[in-house]
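Encoded as structure tokens, the structure appears first; notes follow it.
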Amino acid sequence: MVDAALRAGIAYLDVAAEQAVALETFQRHGRQAREAGVVVAPSMAFYGGLGNLLAGAVMGDWPAADDITITIAIALDSWQPTEGTRKTVRRNAGRHLVFTGNRLTPPTGPPRTETWQFPPPLGAQEVTELSTADQVTISRHLRVPEIRVYINQTPLRDLSDPATPPPTAVDADGRSTQTFLVEVVARRAGAQRRATASGRDIYAVTAPIVVEAAVRILGGRVRRAGVAAAGELFDASDFLRALDPARLAFTAPDHGQAGGN
């Protein structure tokens, strides 16, 4: 599909969450997309897109540096996976990557766990390291040595249970009851910046993200052509503020914040 879009001179956006798909898109189509003057935007979705935009908003005027760590912490109150998600989990078994030491690499041990202090009412949650498209998309344009993604335990238990039902629409927009909160924290030399986004239904929130991206691309409001991540194509904070708060509530970082963890 990317090849066909490039031949036709048409922008291509996908919502794939798989690391391997995003990575191959960057590696295989970068030169052709630049030469064609076409925007190719992989993982323009909850995974790969939202975290990338939040990371761009958090970084702000911080330059790339060897002492910056970006951490994404995801909290879901449940996860009722679609059949597509279940197929993706099966297909991706053994193909996960982490980003550490300035490079994407297969993990060398079990996923790391820690306790994350989310805002009320979630509070302290046990979280586990998760391999997502965010490690791929962020590392393409934010030059930091460490990118870590964590998720709380409840959705992982739901995902591993074959009896967990698929999502059920409960409102006119087709959203399920699932709620989510995503925090992105950047730490540098004792200073810390944090941005958050929250809403309902990780599948449904993909629609406003990818549609806003398409509108901006069609209107010429992009920074460059070629294969690029969301935060590379757009002003991240402006993009997130443009989304309907009823779909995604965005709390911008305080770029003057300093202090501990």
Side-chain angles (χ1 to χ4, degrees), residues 17-19 43 46-59 62 65-79 81 85 89 92-139 142-161 164 178-199 202 231 249-251 253-254 257-261:
E18 298 95 327
Q19 288 182 318
S43 300
F46 179 85
Y47 291 114
L50 179 56
N52 183 274
L53 289 162
L54 288 169
V58 165
M59 287 288 285
W62 275 359
D66 290 338
D67 63 345
I68 294 178
T69 297
I70 290 179
T71 305
I72 301 174
I74 301 167
L76 311 180
D77 70 340
S78 64
W79 194 343
T85 293
V89 170
N92 282 351
R95 302 175 69 191
H96 301 299
L97 299 170
V98 296
F99 191 85
T100 184
N102 289 289
R103 65 191 182 99
L104 285 163
T105 181
T108 57
R112 290 181 289 192
T113 61
E114 64 174 79
T115 300
W116 190 270
Q117 189 68 42
F118 288 97
L122 291 169
Q125 298 272 328
E126 294 300 313
V127 295
T128 299
E129 194 170 17
L130 183 70
S131 292
T132 72
D134 300 277
Q135 286 103 330
V136 176
T137 60
I138 293 171
S139 64
L142 297 180
R143 302 306 176 197
V144 297
E146 299 288 329
I147 303 169
R148 300 170 186 162
V149 182
Y150 293 93
I151 193 169
N152 62 324
Q153 298 290 333
T154 298
L156 295 179
R157 288 192 291 267
D158 291 341
L159 189 60
S160 64
D161 184 354
T164 303
Q178 179 198 57
T179 63
F180 66 83
L181 186 142
V182 181
E183 285 199 305
V184 175
V185 176
R187 297 182 177 95
R188 176 188 179 219
Q192 173 178 289
R193 292 176 176 176
R194 181 186 305 260
T196 65
S198 59
I202 63 172
F250 167 55
T251 302
D254 178 359
Q257 182 179 358
N261 296 331

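The structure presented is a predicted model; accordingly, all values stated were derived computationally and were not measured.
Using a distance-only test at 3.5 Å, with no hydrogens or angles considered, a donor-acceptor pair links the side chain of Asn52 to the main chain of Gly231. Of the possible polar contacts, one joining the Gln178 side chain to the Ser78 backbone as a donor-acceptor pair under 3.5 Å is found. Side-chain N or O atoms of Thr164 include one that pairs as donor or acceptor with a backbone N or O of Asp158 at under 3.5 Å. Judged purely by atom type and a 3.5 angstrom limit, Arg193 uses its side chain to pair as donor or acceptor with the backbone of Met59. In this structure, Thr100 contributes its side chain and Glu146 its backbone to no donor-acceptor pair below 3.5 Å. Using modelled atom types, no side-chain atom of Asp134 and backbone atom of Ile72 make a donor-acceptor pair closer than 3.5 Å. Gln19 places a side-chain N or O within 3.5 Å of a backbone atom of Thr132 that can act as its donor or acceptor partner. When atom types are taken as modelled, the side chain of Asp77 and the backbone of Thr179 share a donor-acceptor pair closer than 3.5 angstrom.
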Test side chain to side chain contact (heavy atoms under 4.5 Å, CB included) on Ile68 and Trp62; report intermediate values, then the result.
CA-CA 9 Å; Ile68 294 178; Trp62 275 359; 4.3 Å; yes

Step by step, work out the side chain to side chain contact (heavy atoms under 4.5 Å, CB included) result for Val98 and Thr105.
CA-CA 6 Å; Val98 296; Thr105 181; 3.9 Å; yes

Determine whether Phe118 and Leu181 satisfy the following criterion, side chain to side chain contact (heavy atoms under 4.5 Å, CB included), listing intermediate values before the conclusion.
CA-CA 9 Å; Phe118 288 97; Leu181 186 142; 3.7 Å; yes

For side chain to side chain contact (heavy atoms under 4.5 Å, CB included), just list the numbers for Phe250 and Leu54, CA-CA rounded to whole Å, side-chain angles, deciding distance to a tenth of an Å, and then say yes or no.
CA-CA 9 Å; Phe250 167 55; Leu54 288 169; 3.8 Å; yes

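With 3.5 Å as the limit, one finds no donor-acceptor pair spanning the side chains of Glu183 and Thr196. Judged purely by distance below 3.5 Å, without hydrogens or angles, the side chains of Gln153 and Thr128 pair a donor atom with an acceptor atom.
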